[in-house]
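What follows is a single structure, written as structure tokens, with notes after it.
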Amino acid sequence: MNEPEKFTIKDQPLKCQHCGHDHFSHRRILLNTRGMTFFKLDWLNADADIFVCAKCGHLMWFASDSVSAEEDVSQPTTCLSCRALIPSGSTTCPKCGWTYKEA
């Protein structure tokens, strides 16, 4: 898993519903369905964001694209889309163009 960090959901800071902690590890996962798996089309399934509380391990799931990281752009970070390195000071991935800043 990646380093825990702060996130916002629809402009609201994410807080653990169990312990109130504000640092999470983030993963993007596929929401597999039987039909798509039967036809070997799992890649067509929707995906979701999952957050794991760094303090208590509580899982929080979001099926929304309104997740953004409260990252310090003065340090390099990893692109959540293609996993390439985003240089320090940049908010856009040089490889795939993904950005965590709203246009």
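Residue indices begin at 1 and follow the sequence shown. Please read all numbers here as calculations on a predicted model, not as lab measurements.
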* Asked: Ser81 versus Cys93: any side-chain heavy-atom pair under 4.5 Å?
  -> no
* Asked: Ile86 and Trp98: side chain to side chain contact (heavy atoms under 4.5 Å, CB included), yes or no, with the steps?
  -> CA-CA 10 Å; Ile86 299 176; Trp98 177 87; 4.2 Å; yes
* Over all heavy atoms of both residues, which pair between Gly20 and Lys15 is shortest? Give the atoms and the distance, please. => O-CD, 3.6 Å
* With no hydrogens and no angle check, do the side chains of Asp42 and Thr37 hold a donor and an acceptor under 3.5 Å apart? -> yes
* Asked: Is His58 atom NE2 crowded by more than 12 heavy atoms from other residues, nucleotides or ligands, each under 6.0 Å away?
  -> yes
* To do: Answer yes or no: is there a side-chain heavy-atom contact under 4.5 Å between Trp61 and Leu31?
  => yes
* Heavy-atom pair of closest approach, residues Cys16 and Phe24 -> N-CZ, 3.4 Å
* **Side chain to side chain, His21 and His23, heavy atoms closer than 4.5 Å** => yes
* Just how far is it from atom CZ of Phe39 to atom CZ of Arg34, taken to the nearest 0.5 Å? -> 14.0 Å
* Are Ile29 and Leu44 in one and the same hydrophobic cluster, where Ile, Leu, Val, Met, Phe, Trp and Tyr link if side-chain heavy atoms are under 4.5 Å apart? -> no
* **Between CG on residue Leu59 and NE2 on residue His18, distance to nearest 0.5 Å** => 12.0 Å
* Asked: Can you find a pair of side-chain heavy atoms, one from Phe7 and one from Asp49, that are under 4.5 Å apart?
  -> no
* Flag the pair Phe38 / Thr33 as yes when at least one side-chain heavy-atom distance between them is below 4.5 Å, and no otherwise. => no
* Hey, quick one: are Met36 and Leu30 part of the same hydrophobic cluster, counting side-chain heavy atoms closer than 4.5 Å, chains of contacts allowed? -> no
* Asked: Does the side chain of Leu14 come within less than 4.5 Å of Lys6's, by heavy atoms?
  -> no
